[in-house]
**Q** 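Structure provided below as structure tokens; questions to follow.
On a predicted model such as this, the values are computed, not experimentally measured, just so you know. Positions are given from 1, in the same order as the sequence printed here.
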Amino acid sequence: PPRLELTHISKRYPGVLANDDVSLTVQPGEIHAVLGENGAGKSTLMKIIYGAVKPDAGTLHFDGQPMQIDNPRQARQLGIAMVFQHFSLFETLSVAENVWLGLDSRAPRAEAARRAALDGAGALTLAEVSRRITETAASYGLDMHPERPVHSLSVGEMQRVEIIRALLTQPKLLILDEPTSVLTPQAVERLFVTLRKLAEDGCSILYISHKLHEIRALCTACTVMRAGRVTGTCD
């Protein structure tokens with residue numbers, strides 16, 4: 001079955017029809033672009049998938065099962081992670097502390113690691129989070145030291161922290177909302193290397209952008225939106 005299938009999704013705000021009868025299908029391991037100008041309804045649609053916004057109509061299937069995602073915590077437990085365009089990091093804390101605060105205590109983990117890492121309160125310890133950050137950064141070429149304070153990081157490095165935090169939930173679907181809007185060309189290329197490896201490992205990626213050259217370079221399918229509606233899907 002498709003990793004994600006949206007059917008006839010609509011969302012209205014006062015005076016604005018943000019999503020109008022939108023249908024979208026994403027396959028396992030696919031990097032799927034959602035393309036459109038500002039105000040096309042892309043971000044609203046992604047927030048519906050992530051449980052941050054409730055649709056007024058339509059259905060959502062995840063791995064073939066009908067789902068009603070009521071909040072982001074439920075989305076993360078299903079295996080849906082999202083990296084927003086504007087980062088949500090505490091600059092006075094370290095990388096590991098920021099990731100630690102952002103993880104659900106019931107985030108997926110191997111049983112052996114769980115037994116070793118759980119403290120008396122039933123949550124991951126900071127030391128275990130630091131270890132997992134180091135392992136994840138090494139696996140995906142993200143080059144991040146868990147002890148670095150966030151205020152010392154570049155914008156591209158801050159984005160890597162957000163991606164690492166998402167990856168520690170072991171997502172089946174990763175949503176990236178305008179991920180290159182503040183990155184240098186070199187940082188964009190490094191991001192693409194990471195995303196391609198994720199897709200090779202079976203993670204589906206929804207890539208929201210209006211930059212055609214990036215979509216051509218990275219994605220395998222593209223859904224085009226205009227004024228809240230899907231105007232076409234192409235290879």
Side-chain angles (χ1 to χ4, degrees), residues 1-11 19-36 40-53 55 57-69 72 74-85 108 136 139-142 162-164 166-180 188-189 191-226 228-235:
R3 177 61 40 84
L4 174 73
E5 189 172 16
L6 304 179
T7 308
H8 304 305
I9 295 290
S10 293
K11 178 63 182 179
N19 289 150
D20 183 9
D21 196 35
V22 173
S23 296
L24 171 71
T25 301
V26 181
Q27 301 297 335
E30 180 178 67
I31 305 179
H32 193 116
V34 179
L35 169 69
K42 307 184 301 295
S43 292
T44 298
L45 189 65
M46 297 309 111
K47 290 175 182 176
I48 287 172
I49 298 167
Y50 191 56
V53 170
T59 59
L60 182 154
H61 286 71
F62 192 73
D63 282 339
Q65 300 298 315
M67 295 289 173
Q68 179 177 318
I69 304 176
Q74 182 187 354
R76 291 191 295 269
Q77 290 171 350
L78 286 171
I80 301 171
M82 184 167 179
V83 176
F84 289 90
Q85 183 176 359
T136 302
S139 295
Y140 292 98
L142 291 167
E162 294 276 18
I163 292 173
I164 288 171
L167 294 184
L168 289 193
T169 66
Q170 301 175 7
K172 296 179 179 180
L173 173 68
L174 177 63
I175 303 169
L176 296 161
D177 190 4
E178 302 282 1
T180 64
V188 169
E189 194 51 50
L191 172 65
F192 284 9
V193 170
T194 300
L195 297 182
R196 290 185 185 109
K197 186 173 191 315
L198 271 170
E200 288 171 3
D201 291 343
C203 181
S204 301
I205 297 169
L206 270 172
Y207 186 89
I208 291 62
S209 180
H210 53 258
K211 298 180 179 180
L212 283 171
H213 64 284
E214 291 182 0
I215 289 172
R216 290 194 188 101
L218 178 69
C219 301
T220 52
C222 179
T223 293
V224 183
M225 294 188 68
R226 183 183 182 115
R229 295 185 65 89
V230 170
T231 60
T233 297
C234 61
D235 186 320

**Q** Which pair of heavy atoms, one from Ile9 and one from Pro55, lies closest together, and at what distance?
**A**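 Minimum heavy-atom contact is CG2-CB, 4.2 Å.
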**Q** Between Thr25 and Leu6, is the side chain to side chain contact (heavy atoms under 4.5 Å, CB included) condition met? List the steps.
**A** CA-CA 6 Å; Thr25 301; Leu6 304 179; over 6 Å; no
**Q** If you take all heavy atoms of Ala199 and Ile205, which pair is closest and at what distance?
**A**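 For Ala199 versus Ile205, the nearest heavy atoms are N-CD1, 4.4 Å.
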**Q** If you compare all heavy atoms of Lys11 against all heavy atoms of Ile48, which two are closest, and at what distance to 0.1 Å?
**A**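 That closest heavy-atom pairing would be CB-CD1, 4.0 Å.
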**Q** Run the ring-ring contact (aromatic ring centres under 6.0 Å, His included) test against Phe84 and tell me which residues pass, sequence neighbours left out.
**A**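 Tyr50.
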**Q** Could you check Leu198 against Leu195 for side chain to side chain contact (heavy atoms under 4.5 Å, CB included), going step by step and ending with a plain yes or no?
**A** CA-CA 5 Å; Leu198 271 170; Leu195 297 182; 4.2 Å; yes
**Q** Any side-chain heavy atom of Glu178 within less than 4.5 Å of one from Lys42?
**A**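 Counting from C-beta outward, Glu178 and Lys42 do come under 4.5 Å.
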**Q** To the nearest 0.5 Å, tell me how far Ser139 OG sits from Ile164 CD1.
**A**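 The CD1 atom of Ile164 is 10.5 Å from OG of Ser139, to the nearest 0.5 Å.
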**Q** CD of Gln65 to CG of Leu60: how many Å apart, nearest 0.5 Å?
**A**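 Atom-to-atom, Gln65:CD and Leu60:CG are 12.0 Å apart.
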**Q** Tell me which pairs pass salt bridge (Lys or Arg N to Asp or Glu O under 4.0 Å) where either residue lies in residues 20-31, with sequence neighbours left out.
**A**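 Residue pairs passing salt bridge (Lys or Arg N to Asp or Glu O under 4.0 Å), neighbours aside: Asp20-Arg229.
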**Q** Side-chain contact test, heavy atoms from C-beta onward, threshold under 4.5 Å: evaluate it for Val83 versus Asp177 and give yes or no.
**A**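 When only atoms from C-beta onward are counted, Asp177 and Val83 do not touch, as no gap falls below 4.5 Å.
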**Q** Is there side-chain contact between Lys172 and Arg3, with at least one heavy-atom pair below 4.5 Å?
**A**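 In short, these two side chains touch, coming nearer than 4.5 Å.
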**Q** When rounded to the nearest 0.5 angstrom, what distance separates CE in Met82 from CE in Met46?
**A**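 If we round to the nearest 0.5 Å, Met82:CE and Met46:CE are 7.5 Å apart.
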**Q** Which atom pair, heavy atoms only, marks the closest approach of Ser23 to Thr7?
**A**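 Scanning both residues, the minimum pair turns out to be OG-CA, 3.6 Å.
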**Q** Measure the shortest side-chain to side-chain distance between Leu212 and Leu35 over non-hydrogen atoms and say whether it is less than 4.5 angstrom.
**A**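 Side-chain contact under 4.5 Å: yes.
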**Q** Under 3.5 Å, is there a donor-acceptor pair between the side chain of Thr194 and the main chain of Tyr140?
**A**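 Side chain of Thr194 to backbone of Tyr140, a donor-acceptor pair under 3.5 Å: yes, one is there.
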**Q** Can you confirm whether Val22 sits close enough to His8 that some side-chain heavy atom of one is under 4.5 Å from a side-chain heavy atom of the other?
**A**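 Contact flag for Val22/His8 side chains = no.
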**Q** Is a side-chain donor or acceptor of Ser204 paired with a backbone partner of Gly29 at a separation under 3.5 angstrom?
**A**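 Looks like yes, one N/O pair under 3.5 Å.
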**Q** Do you know which of Leu24, Val224, Thr223 makes side-chain contact (heavy atoms from CB on, under 4.5 Å) with Thr233?
**A**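 Only match with Thr233 under side-chain contact (heavy atoms from CB on, under 4.5 Å): Thr223.
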**Q** Output the distance between atom CD (Gln68) and atom OG1 (Thr59), rounded to the nearest 0.5 Å.
**A**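 Answer for the CD-OG1 pair, Gln68 versus Thr59, is 11.5 Å.
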**Q** Provide the closest heavy-atom pair for Pro72 versus Gly51 in the form atom of the first, atom of the second, distance.
**A**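 Heavy atoms of Pro72 and Gly51 come nearest at CD-O, 3.6 Å.
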**Q** Any chance you could measure Leu206, atom CG, to Ile80, atom CD1, to the nearest 0.5 Å?
**A**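 Here the interatomic distance stands at 9.5 Å.
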**Q** Mind checking whether Thr231 and Met225 have side chains closer than 4.5 Å, heavy atoms only?
**A**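 No, their side chains stay 4.5 Å or more apart.
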**Q** With heavy-atom distances below 4.5 Å as the criterion, would you say the side chains of Leu218 and Arg196 are in contact?
**A**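 Counting from C-beta outward, Leu218 and Arg196 do come under 4.5 Å.
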**Q** Contact between Leu45 and Lys47 at the side-chain level, heavy atoms closer than 4.5 Å - yes or no?
**A**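 Not in contact.
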**Q** To the nearest 0.5 Å, tell me how far Leu78 CG sits from Ile49 CD1.
**A**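 These two atoms lie 12.5 Å from each other.
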**Q** Walk me through it: do Tyr207 and Ile175 pass the test side chain to side chain contact (heavy atoms under 4.5 Å, CB included)?
**A** CA-CA 6 Å; Tyr207 186 89; Ile175 303 169; over 6 Å; no
**Q** Considering non-hydrogen atoms only, spot the tightest contact between Ala81 and Ala166 and give its length.
**A**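 Heavy atoms only, the tightest pair is CB-CB, 3.8 Å.
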